[in-house]
Amino acid sequence: MSSEVTREAPPTDHDDDLSIRCEVNISCGDIITVSSNDHLLHAGQVEFLNNQLVPSFEHPSRLELIDREFRERKLLVTPATKSVWINLTLAHDHSYVESLSRICRHLNVDDILLPSVWPGQKGALRVEHPYGIQLGALSRDMFTSIGAGTFTASVGSAGCAVVAMQELVARGKGCAFALSRPPHHHAGRDYMNGYCYMNGTALAAMSARASGLRVAVIDVDYHHGNGTQELLYGSDILFCSVHGDPASTFPFYSGYADEQGEGLGLGFNLNVPLPHGTDSQGYREALRHVLARVRNYAPDLVVVSLGVDTFEGDPIGRFRLSAADFSWIGDAIGQLGAPVLFVMEGGYAVSEIGMNVANVLEAASG
Ligand code: Q9C
Ligand code: ZN
């Protein structure tokens, strides 16, 4: 099997490599920005919240609004389109990728499925089951719906992160931004959850590490990046996260301060859970602590899981950051002095999402 994460030619018959084609748009201005039109193929309709089905928070308009704000601030230049073959198996099991691909291929365009039955410890995916039941074996919650375009959209999203990383490493300095959805950081080796299917953030970090770079991941999304943490737990890629206390916040089952990594990765996992209502002051103090650890690690590349659901107006996050705090976050990360790849994660206050994200990127690159 090839260890390359991207390739330019399709796999041949005797390759057992799992490469999937995706097309991305690359804008090479001051900030390298990579997006994929395929995100439009995934639009969840409903999710299960407080005992009710409610309209999905994670919606295509999120990206459209960030894109619009970037254009208004002249942060984008005319993009070049690039077609790459991407191999997800550095981060995901072959069987997970193939199962999701197969299920999506068999759905009708307007089918939207949420899992409703989970296999438990002894069960496994069985292809004779209805697709909604098979999804239970690949998922961990009822927020993460599947439609016919979900696989293609999430491969495109991961592709944005990997290509942005490669372009940034080639330039050797500054900032890159994967303007991608669906988001990444909750997806694990063989499961989807928290609106995430493929973990492009972890894949980009692992791929850069495999090429010899020292890599630190900083997760500033409101929710703990459980998928990324799990994927990096035994590795010396530094993973640091500031997030809502999982005692009361999704993903509940990880994100605690005593999770410090294992084996080779022991000491390379730093969680800072914070209570509901955390404001500018509490947040900055926590992020300063994380940045001191990152400095001490001396990374060649910083990968940021960029969620802006820490915003005071966010409908699901419970922190109280202001637009000015996002500029501060960008500036503080930019001052590390290493090249920074930002990968888009959460943020659901759609009228302010463009402003908040652009504030981070502008301050980091400025
Ligand atoms: N009461 C991201 O921000 N909702 N995912 C949990 C529990 C799911 C968030 C509600 C939150 C997933 C990428
Ligand atoms: Zn989030």
Side-chain angles (χ1 to χ4, degrees), residues 39 42-63 66 114-115 139-146 150 153-154 157-158 160-161 178-188 191-203 217-231 239-255 271-274 276 278 283 287 303-321 326 329 342-350 352-353 356-357 360:
H39 86 87
H42 172 74
Q45 302 288 298
V46 289
E47 62 180 76
F48 196 68
L49 179 72
N50 302 330
N51 256 352
Q52 279 185 314
L53 285 176
V54 301
S56 295
F57 290 99
E58 202 292 290
H59 190 267
S61 64
R62 298 173 59 246
L63 275 212
I66 299 169
L114 281 174
S139 184
R140 292 191 172 185
D141 66 33
M142 295 179 72
F143 316 128
T144 310
S145 63
I146 298 287
T150 300
S154 51
S157 182
C160 291
L179 178 46
S180 55
R181 63 168 289 280
H184 309 263
H185 72 154
H186 298 305
Y191 61 89
M192 60 183 87
N193 70 329
Y195 317 150
C196 303
Y197 308 85
M198 297 297 164
N199 196 327
T201 307
L203 183 63
V217 179
I218 305 172
D219 191 321
V220 299
D221 187 277
Y222 173 73
H223 304 93
H224 175 246
N226 56 325
T228 308
Q229 171 172 301
E230 254 180 67
L231 285 163
F239 177 76
C240 301
S241 178
V242 178
H243 49 263
D245 187 347
S248 56
T249 302
F250 183 85
F252 300 105
Y253 294 100
S254 74
N271 283 326
V272 187
L274 298 173
H276 286 170
T278 291
Y283 190 88
L287 193 60
V303 178
V304 177
S305 255
L306 178 58
V308 293
D309 38 10
T310 48
F311 180 57
E312 57 198 349
D314 195 273
I316 44 183
R318 305 283 294 270
F319 287 176
R320 296 194 192 135
L321 300 196
F326 291 105
I329 291 171
F342 291 89
V343 182
M344 195 62 214
E345 302 279 5
Y348 309 99
V350 283
E352 293 93 352
I353 192 172
N356 291 336
V357 171
V360 174

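First listed ligand is number 1; within each ligand, the first listed atom is number 1.
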Asks: Would you say Asp221 reaches the Zn ion (ligand 2) with an N/O/S atom under 2.8 Å?
Replies: yes
Asks: Under 4.0 Å from a heavy atom of Phe250: which atoms of ligand 1 are those, numbered in the order shown and with their elements?
Replies: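 So the atoms of ligand 1 that pass are 6 (C), 11 (C), 12 (C).
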Asks: Check contact between His184 and ligand 1, using heavy atoms of the residue and a distance below 4.0 angstrom.
Replies: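 It does not; every heavy atom stays at 4.0 Å or beyond.
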Asks: If only atom types and distance count, is the side chain of Asp314 paired as donor or acceptor with the main-chain N or O of Tyr348 below 3.5 Å?
Replies: yes
Asks: Could you tell me whether some N/O pair between His223 and ligand 1 is separated by less than 3.5 angstrom?
Replies: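 N/O-N/O distance below 3.5 Å exists for this pair.
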Asks: Is Asn50 close to ligand 1, meaning an N/O of one under 3.5 Å from an N/O of the other?
Replies: no
Asks: Please classify the Asp221 to ligand 1 contact at 4.0 Å (heavy-atom distances, strictly less than): side chain, backbone, both or neither.
Replies: side chain
Asks: Could you check whether any side-chain N or O of Arg62 sits under 3.5 Å from a backbone N or O of Gly347, counting only pairs where one atom can act as donor and the other as acceptor?
Replies: yes
Asks: Please report whether ligand 1 has a polar contact with Glu345, defined as an N or O pair separated by less than 3.5 Å (distance criterion only).
Replies: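 No.
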Asks: Rounded to the nearest 0.5 Å, how far does CG of Leu274 lie from CZ of Arg318?
Replies: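 One finds 14.0 Å between CZ of Arg318 and CG of Leu274.
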Asks: Using distance alone, with no hydrogens and no angle criterion, decide if Asp141 and Thr144 have a side-chain donor and acceptor under 3.5 Å apart.
Replies: yes
Asks: Would His186 and Tyr195 satisfy side chain to side chain contact (heavy atoms under 4.5 Å, CB included), going step by step from the backbone distance to the final call?
Replies: CA-CA 8 Å; His186 298 305; Tyr195 317 150; over 6 Å; no
Asks: So which heavy atom in the protein is nearest atom 1 (N) of ligand 1, and how far is it from that ligand atom?
Replies: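 Closest protein heavy atom to atom 1 (N) of ligand 1: Leu49 CD1, 4.1 Å.
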Asks: Between CD of Glu312 and CG of Asn356, what distance do you get to the nearest 0.5 Å?
Replies: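 Reported to 0.5 Å precision, the distance equals 8.5 Å.
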Asks: Set out, in order, the CA-CA distance, both residues' side-chain angles and the distance that settles side chain to side chain donor-acceptor pair (under 3.5 Å) for His223 and Asp309, then state yes or no.
Replies: CA-CA 8 Å; His223 304 93; Asp309 38 10; 3.2 Å; yes
Asks: Heavy atom under 4.0 Å from ligand 1: found in His186's side chain, backbone, both, or neither?
Replies: side chain
Asks: Is a side-chain donor or acceptor of Gln229 paired with a backbone partner of Ser254 at a separation under 3.5 angstrom?
Replies: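 Such a contact is absent between Gln229 side chain and Ser254 backbone.
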Asks: Mark up the atoms of ligand 1 that fall under 4.0 Å of a heavy atom belonging to Asp309, in ascending order.
Replies: 3 (O)
Asks: Any atoms of ligand 1 less than 4.0 Å from a non-hydrogen atom of Pro183? List them with their elements.
Replies: 13 (C)
Asks: Could you identify the N, O or S atom of His223 positioned closest to the Zn ion (ligand 2)?
Replies: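 Relative to the Zn ion (ligand 2), the closest nitrogen, oxygen or sulfur of His223 carries the name ND1.
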Asks: May I ask you to decide if Val46's main-chain N or O and Ser56's side chain share a donor-acceptor pair within less than 3.5 Å?
Replies: yes
Asks: To check your reading of the model: name the closest protein heavy atom to atom 7 (C) of ligand 1, its residue, and the distance in Å.
Replies: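 Answer, as residue, atom name and distance: Phe143 CZ, 3.8 Å.
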Asks: Let me check your reading of the structure: within less than 2.8 Å of the Zn ion (ligand 2), is there an N/O/S atom from His185?
Replies: no
Asks: So, His243 side chain and Gly255 main chain: donor-acceptor pair closer than 3.5 Å or not?
Replies: yes
Asks: For atom 5 (N) of ligand 1, find the nearest protein heavy atom and state the residue, atom name and distance (0.1 Å precision).
Replies: Gly194 O, 3.0 Å
Asks: Name of the Asp309 N, O or S atom nearest the Zn ion (ligand 2)?
Replies: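 Of all N, O or S atoms belonging to Asp309, OD2 is the one nearest the Zn ion (ligand 2).
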Asks: Looking only at protein heavy atoms, which one is nearest to atom 3 (O) of ligand 1, and what is the separation?
Replies: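 Heavy-atom neighbour on the protein nearest atom 3 (O) of ligand 1: Tyr348 OH, 2.6 Å.
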Asks: Check whether the side chains of His184 and Ser157 place a donor and an acceptor atom closer than 3.5 Å, and report yes or no.
Replies: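 His184 vs Ser157: donor-acceptor pair found between side chains.
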